[in-house]
Every structure is written in C-alpha cells, then in structure tokens.
Amino acid sequence: GEVAFSGGHASSNNLEGASTLVGWGGYAVPPHCVQLVAVGHSRGRTSTLNVLLRVGAFPYAVATAGPFVATGSTQIQGSLEQPEVPADLRSNSRAEEAVRLGAGSWVAGDVQASGGIVLGESSKVAGQTLAHAAPVELPEIDLWNYDPQLNGVPFQNLPLYLCNPNLKGDCRSSSNLTVAGDLHLDGATLFVHGDLDVYGGLSGRGLLVVTGNTRIRGCSALDSNLQAALLSGGDVELKGHGTEWSAFRGLVYCEGDFQ
C-alpha cells in the first residue's frame with residue numbers, strides 16, 4: 001500500500017494549523033492532527049484506510065493519579081469553539097471505578113485508566129475506551145515554587161474570608177481561605193497555604209495555587225470565558241450547572257482525587 005499527500009487519495013497534514021481543515025472524503029482534520037489515507041492493492045482489488053492521527057502539545061486533556069469522577073453530564077473537549085477537537089482522559093488509579101462518567105457525558109477522544117471505567121447512560125466516547133492499562137508517567141510540580149513569600153515577591157496578604165473578590169497582582173493566604181460568592185481573577189496569581197473553598201463561581205484569567213484541597217462548589221456557574229491554571233496539592237472538586245452553563249477552560253493539576 002501507499003500513503004501520499006497529493007493525488008486522488010491525498011492525506012492531510014494539519015499539525016501546525018490553527019483551524020480545522022476539510023480532508024479527503026470530507027472528513028474534518030482538527031489542528032495538531034494528520035489524516036492518513038492509505039490505499040492498498042491486492043489481486044485486482046483496492047482497499048482504502050482512513051486514519052486520524054493527533055499529535056497535540058499535551059497528550060491528555062485530563063490526567064489524574066487518583067480516580068476521576070464526574071457525577072453529572074460532563075463534556076471533555078479540546079476547544080469550546082470546536083467541540084470536535086480530540087481530547088483524551090487518563091487515570092492512573094487502579095480502583096474498580098478509576099473513571100466514572102455521569103449520564104449524558106461526552107469525551108472527544110480516548111478514555112484510559114489503570115483500573116476500571118464506568119460510563120453512565122447515554123455517555124459517549126469518540127475514541128477508544130481502554131481499562132486496566134499500564135500507568136503512564138505524569139508530571140510532578142513543586143507548588144512551593146509559586147509561593148511569592150518564598151520567592152521574595154511583593155504580595156497582598158489576604159484575610160481568611162473574602163466576599164466576591166476581584167484579585168489583581170500577586171496574592172497570598174497564609175491559611176485556609178473561604179470565598180463567599182464569585183472569585184474573579186484579573187490576571188492575578190493566588191497562592192493559598194491550606195484549603196480553598198469558593199461558594200460561587202470562578203471567572204477571569206490567572207493562576208490558582210493551593211497546597212491543600214480546592215473546592216469550587218458554588219452558587220453560580222463556572223464562567224465559559226475563564227482562562228486559568230489551577231494547581232492543587234490535594235483533592236479538586238468542581239461543581240457547575242450543566243454543560244450549557246458551566247465550563248472550565250485551562251490547566252488543572254491535582255495531586256489528589258478529581259471530582
């Protein structure tokens with residue numbers, strides 16, 4: 001057989017592209033993907049194989065050392081604007097329910113786990129579902145590298161309780177921090193030496209570093225315009241109001257369980 005990037009059965013290279021291409025046969029080729037169209041000939045017969053290969057900057061949209069549990073309808077995708085962009089979910093947990101997706105969930109890629117995988121009613125996985133797979137290497141981040149106090153960076157010292165704060169610059173909490181209402185990041189970096197509880201939504205752009213558990217379980221939706229990085233040394237719990245109203249766009253690093 002043969003694979004060619006020209007001719008009647010042309011493959012498509014969109015590794016460096018910023019938008020989706022229309023490949024051979026009318027198939028969508030998202031950014032960071034290659035469409036390989038192989039044509040084989042044998043005993044007078046011709047067969048064509050179409051494969052979409054993705055090589056993204058990050059191998060997984062979500063990767064956890066512990067179990068991943070989504071109790072409601074949850075969508076995992078590479079882009080809010082382009083839901084077809086592949087996005088993989090990976091758990092290194094060996095538990096019987098290393099991955100649990102609630103009813104009506106959607107993953108625009110593969111779901112893999114070192115333990116078992118439970119899919120709720122009407123849940124769909126665009127790629128492969130592979131349980132009891134060998135664990136993969138996950139990155140380890142030293143959260144204390146982001147502590148402005150250790151780095152000698154000027155910062156705002158926060159009280160133990162905030163109401164609808166709009167944070168700017170470098171901010172630090174020396175113990176558990178509770179936020180009533182919404183937490184908005186205006187390009188801010190927030191370092192919490194302890195647990196963070198937000199009884200509202202999360203919006204804006206910035207960096208959240210929490211040495212303990214992080215719970216955003218509030219009264220308002222996660223903002224779909226959110227662009228943030230969340231680094232947590234403990235568990236992470238995010239609660240929204242359905243896929244039409246709640247979205248998290250950014251990076252989540254969690255050393256505990258993710259719900």
Side-chain angles (χ1 to χ4, degrees), residues 58-77 87-121 123 125 129-144 146 173 175-179 183 190-202 207-219 221-222 226 228-243 246-259:
F58 303 99
Y60 305 102
V62 180
T64 65
F68 177 91
V69 179
T71 55
S73 175
T74 302
Q75 295 181 6
I76 298 177
Q77 55 201 47
D88 295 341
L89 167 61
R90 184 59 158 90
S91 171
N92 272 352
S93 172
R94 298 184 182 275
E96 292 184 5
E97 296 186 4
V99 172
R100 171 177 282 276
L101 296 178
S105 294
W106 156 255
V107 179
D110 300 337
V111 175
Q112 303 177 15
S114 298
I117 297 174
V118 179
L119 302 180
E121 183 180 357
S123 292
V125 177
T129 301
L130 180 61
H132 306 292
V136 297
E137 184 177 356
L138 299 178
E140 294 186 9
I141 300 176
D142 187 351
L143 303 184
W144 296 101
Y146 298 92
S173 175
S175 61
N176 296 341
L177 176 62
T178 300
V179 175
L183 171 59
L190 172 59
F191 184 90
V192 179
H193 185 190
D195 296 342
L196 172 64
D197 285 277
V198 180
Y199 291 88
L202 179 63
L207 171 64
L208 281 174
V209 183
V210 183
T211 62
N213 299 321
T214 304
R215 293 176 287 264
I216 302 173
R217 49 191 180 183
C219 307
L222 294 170
L226 174 71
L230 168 59
L231 313 181
S232 182
D235 298 340
V236 171
E237 179 182 346
L238 303 179
K239 285 189 177 180
H241 293 270
T243 55
S246 305
F248 186 96
R249 183 205 307 252
L251 167 71
V252 177
Y253 173 84
C254 169
E255 295 182 356
D257 294 345
F258 184 93
Q259 293 192 25

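It should be emphasised that the depicted structure is a prediction, and the values quoted were computed from it without experimental measurement. Note: hydrogens, waters and symmetry copies are ignored here, and every other heavy atom, side chains too, is used.
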- Task: Compare all side-chain heavy atoms of Tyr253 with those of Leu143 and state whether any distance is below 4.5 angstrom.
- Result: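 Yes, side chains in contact.
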- Query: Side-chain contact, heavy-atom cut-off 4.5 Å: Gln259 with Pro67?
  - Reply: no
- Set of side-chain hydrogen bond (donor to acceptor under 3.5 Å, both in side chains) partners for Ser105, sequence neighbours left out: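 Here no residue qualifies.
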- Item | By salt bridge (charged side-chain N to carboxylate O under 4.0 Å, His left out) - contacts of Glu96 (at least two apart) | none
- Message: Test of understanding: with salt bridge (charged side-chain N to carboxylate O under 4.0 Å, His left out), list the residues that count as partners of Arg100, not counting sequence neighbours.
- Response: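 Partners of Arg100 by the salt bridge (charged side-chain N to carboxylate O under 4.0 Å, His left out) criterion, ordered by chain and then number, come out as Glu97.
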Among [options], which residue satisfies the side-chain contact (heavy atoms from CB on, under 4.5 Å) criterion with [X]?
X      : options                        : answer
Thr214 : Val209, Leu238, Leu196         : Leu196
Cys254 : Thr64, Val236, Leu231          : Val236
Leu101 : Thr71, Val107, Val69           : Val107
Leu177 : Leu190, Asp195, Asp197         : Leu190
Phe191 : Leu207, Val210, Thr211, Leu208 : Thr211

- Item | Separation of Leu89 CG from Tyr60 OH (nearest 0.5 Å) | 10.0 Å
- Message: Tell me the closest heavy-atom pair linking His132 and Gly116, and the distance in Å.
- Response: CE1-N, 3.9 Å
